[in-house]
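A short write-up of the structure that comes next.
Just so you know, residue 1 is the first one in the sequence shown, and it goes up from there.
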Amino acid sequence: MNLLAVLKEIHQEVTPLLGQGNVAKYIPALAKTDPMQFGMAITLNDGQFYGVGSYEKTFSIQSIAKVFSYTLALRAYQNDLYKRVWREPSGTAFNSLIQLEKEAGIPRNPFINAGAIAVCDSLVTHYSPDKTALNEVITFIHECCGERTITFDQAVSESEMEHGFRNIALANLMKSFGNFENDVHSVIETYFQVCSIAMSAKQLSRSMLYLANNGTDPISRKNFISSPQAKRINSLMLTCGHYDASGDFAFRVGLPGKSGVGGGIVAVVPGKMSIAVYSPALNKYGNSLVGTKALELFTTKTGLSIF
Ligand code: GLN
């Protein structure tokens, strides 16, 4: 199969859709992003790479970072992590407070904000006092990607911090229920710094290959997580990776995937490859509108879905 030709075809077909949707305006530093951008990248488990459009443009990976943080937390806490963060789709928006109140401060899953903040809190506990959770997440991404240049965008994290009332509320709510171990302000700061890590579609597709190969990076041969745990992360990406549009994403794309409000989506084809797409205008659920369409076209054209 000529994957580059497939990518070029997709690029052509989605171009008329660019401009639909809205960039994430609730984060002022992201509100200025040009919505017309599109890039798509594929890295195969054997290292072959294909890209179209702005696949080398770095952007804020936002909630895609939750996959890396969760991997580290699952590795550190194993099954004990489920006491703090459950594994069920939420059917609510990524930043919703209502369910957290009803369910006594235990977030439904690690990919909604409450769950990712709890995961961040557990990483802060795990690494202190000698190391910082932020550095450990970044170092982990360096290992996954095979590149040491990736870092976070301070302007984006500061902008989120200034407007992060809802996330601070989620953390405080968990604290009130006893599901929070550290200082709310410092955990939220770490959470925003992790969300503001900047990567390109090319780097993201490379970094997620461990999830396409049972927890072991197929290129460096480094083992990051056990095979059953990799299965679980992929399952959660399929069922919870797109918040209350996770069912629709599974229906249309048929792959484990994780989106971020920066406009990125990564998807995993187990045993074969990882695909990342960037297009910053979002649908009403906070997922890249054109990115979702591009992935839908990809699995429809190639038959490379898990179903
Ligand atoms: N940093 C963003 C937030 O906390 C992440 C949300 C997302 O990408 N869905 O709101």
Side-chain angles (χ1 to χ4, degrees), residues 1-15 17-18 37-59 61-65 67-68 71 141 143-147 150 197-222 224 230 233-234 237-238 241-242 249-250 252-260 262-280 287-307:
M1 191 183 312
N2 184 340
L3 288 173
L4 185 60
V6 173
L7 287 184
K8 284 182 176 165
E9 231 177 85
I10 293 171
H11 192 182
Q12 219 168 33
E13 285 174 42
V14 299
T15 298
L17 304 177
L18 292 171
Q37 301 175 85
F38 177 81
M40 192 163 181
I42 297 177
T43 309
L44 303 189
N45 282 12
D46 66 7
Q48 285 182 70
F49 171 80
Y50 305 94
V52 285
S54 316
Y55 64 82
E56 284 184 304
K57 164 88 197 288
T58 58
F59 59 91
I61 67 170
Q62 292 293 324
S63 286
I64 298 172
V67 177
F68 299 115
T71 301
I141 292 175
E143 277 189 67
C144 295
C145 190
E147 276 184 44
I150 294 158
I197 290 170
M199 292 172 78
S200 65
K202 181 177 187 182
Q203 290 169 327
L204 272 174
S205 70
R206 168 70 188 87
S207 303
M208 291 282 168
L209 279 190
Y210 71 101
L211 292 176
N213 191 46
N214 303 314
T216 298
D217 183 276
I219 297 169
S220 69
R221 296 271 144 217
K222 284 186 196 159
F224 295 133
I233 298 169
N234 278 324
M237 285 167 72
L238 182 77
H242 287 73
F249 185 86
R252 288 169 56 185
V253 179
L255 290 174
K258 183 75 205 83
S259 67
I265 304 179
V266 285
V268 172
V269 186
K272 293 197 166 65
M273 66 184 75
S274 164
I275 311 163
V277 57
Y278 170 57
S279 186
N287 304 314
S288 172
L289 189 149
V290 171
T292 307
K293 184 67 194 171
L295 287 166
E296 180 180 5
L297 286 170
F298 180 82
T299 53
T300 305
K301 285 175 188 294
T302 61
L304 286 166
S305 100
I306 59 170
F307 300 108

Exercise for review: Scan for salt bridge (Lys or Arg N to Asp or Glu O under 4.0 Å) pairs involving residues 295-307, sequence neighbours excluded, and state none if there are none.
Suggested key: E9-K301, E13-K301, R252-E296, K293-E296
Identify all side-chain donor-acceptor contacts of residues 267-278 below 3.5 Å with residues at least two apart in sequence or on another chain.
| unit_1 | atom_1 | unit_2 | atom_2 | d |
| --- | --- | --- | --- | --- |
| S274 | OG | S205 | O | 3.2 |
| Y278 | OH | Q37 | NE2 | 3.2 |

**Study point:** Any donor-acceptor N/O pair, S54 side chain to K57 backbone, under 3.5 Å
**Key:** no
Point to revise | Under the side-chain hydrogen bond (donor to acceptor under 3.5 Å, both in side chains) test, residues paired with S220 that sit two or more places apart | key: D217
Revision key, fill the gap. N214 meets the side chain to side chain contact (heavy atoms under 4.5 Å, CB included) criterion, sequence neighbours left out, with S227
Practice item. Output the distance between atom CG (N2) and atom NZ (K8), rounded to the nearest 0.5 Å. Key: 8.0 Å
Check your understanding: Got a second to check how far L297's CG is from L295's CG, nearest 0.5 Å?
Key -> 9.0 Å
Point to revise | Nearest heavy atoms of T302 and M1, plus distance in Å | key: CG2-SD, 3.5 Å
Practice item. Please list all pairs passing the salt bridge (Lys or Arg N to Asp or Glu O under 4.0 Å) test where one or both residues lie in residues 39-52, with sequence neighbours left out. Key: none
Exercise for review: Drop me the distance from I42's CD1 to L7's CG, to the nearest 0.5 angstrom.
Suggested key: 4.0 Å
Check your understanding: What distance separates T216 OG1 from F224 CZ, expressed to the nearest 0.5 Å?
Key -> 8.5 Å
Check your understanding: Does T71 have any side-chain hydrogen bond (donor to acceptor under 3.5 Å, both in side chains) partners at least two apart in sequence or in another chain, and if so, which?
Key -> Y210
Practice item. Assess the pair F49 and Y55: is the distance between their ring centroids shorter than 6.0 Å? Key: yes
Point to revise | Nearest atoms (heavy-atom pairs only) where I150 meets C145 | key: CD1-SG, 3.7 Å
Review point. With T299, which residues qualify under side chain to side chain contact (heavy atoms under 4.5 Å, CB included), at least two apart?
Key: V253, L255, S305
**Study point:** Test side chain to side chain contact (heavy atoms under 4.5 Å, CB included) applied to L289 - qualifying residues, sequence neighbours left out
**Key:** Q20, N283
Check your understanding: If you round to the nearest 0.5 Å, how far is CG of L304 from CG of L3?
Key -> 7.0 Å
Point to revise | Within-4.5 Å side-chain heavy-atom neighbours: I10 and V14 | key: yes
Exercise for review: Run the numbers on V52 and H11 for side chain to side chain contact (heavy atoms under 4.5 Å, CB included), then give the verdict.
Suggested key: CA-CA 7 Å; V52 285; H11 192 182; 4.0 Å; yes
Review point. Where do G262 and F59 come nearest, in terms of heavy atoms and distance?
Key: O-CD1, 4.3 Å
Revision key, fill the gap. Closest non-hydrogen contact found for R206 with T43 is N-OG1, 3.6 Å
Exercise for review: Grab the two heavy atoms, one from C144 and one from S207, that are nearest each other, plus how far apart they are.
Suggested key: CB-O, 3.3 Å
Exercise for review: For the pair S288 (side chain) and S279 (backbone), establish whether a donor and an acceptor sit closer than 3.5 Å, ignoring hydrogens and angles.
Suggested key: yes
Check your understanding: Under the side chain to side chain contact (heavy atoms under 4.5 Å, CB included) criterion, do F298 and M40 qualify, and how do the steps go?
Key -> CA-CA 10 Å; F298 180 82; M40 192 163 181; 4.1 Å; yes
Practice item. To the nearest 0.5 angstrom, please state how far the CE atom of M237 sits from the CG atom of L211. Key: 6.0 Å
Practice item. Output all residues satisfying side-chain hydrogen bond (donor to acceptor under 3.5 Å, both in side chains) with S259, sequence neighbours left out; order by chain, then residue number. Key: N287
**Study point:** Steps toward side chain to side chain contact (heavy atoms under 4.5 Å, CB included) verdict (I141, Q203)
**Key:** CA-CA 9 Å; I141 292 175; Q203 290 169 327; over 6 Å; no
Practice item. Apply side-chain hydrogen bond (donor to acceptor under 3.5 Å, both in side chains) to N213 and list each qualifying residue two or more places apart in sequence or on a separate chain. Key: none
Check your understanding: With sequence neighbours left out, what residues match S63 under side chain to side chain contact (heavy atoms under 4.5 Å, CB included)?
Key -> K66, N113, Y243, K258
Check your understanding: Would I64 and M199 satisfy side chain to side chain contact (heavy atoms under 4.5 Å, CB included), going step by step from the backbone distance to the final call?
Key -> CA-CA 10 Å; I64 298 172; M199 292 172 78; over 6 Å; no
Revision key, fill the gap. Across all chains, not counting sequence neighbours, the ring pair (Phe, Tyr, Trp, His ring centres under 6.0 Å) partners of F68 are none
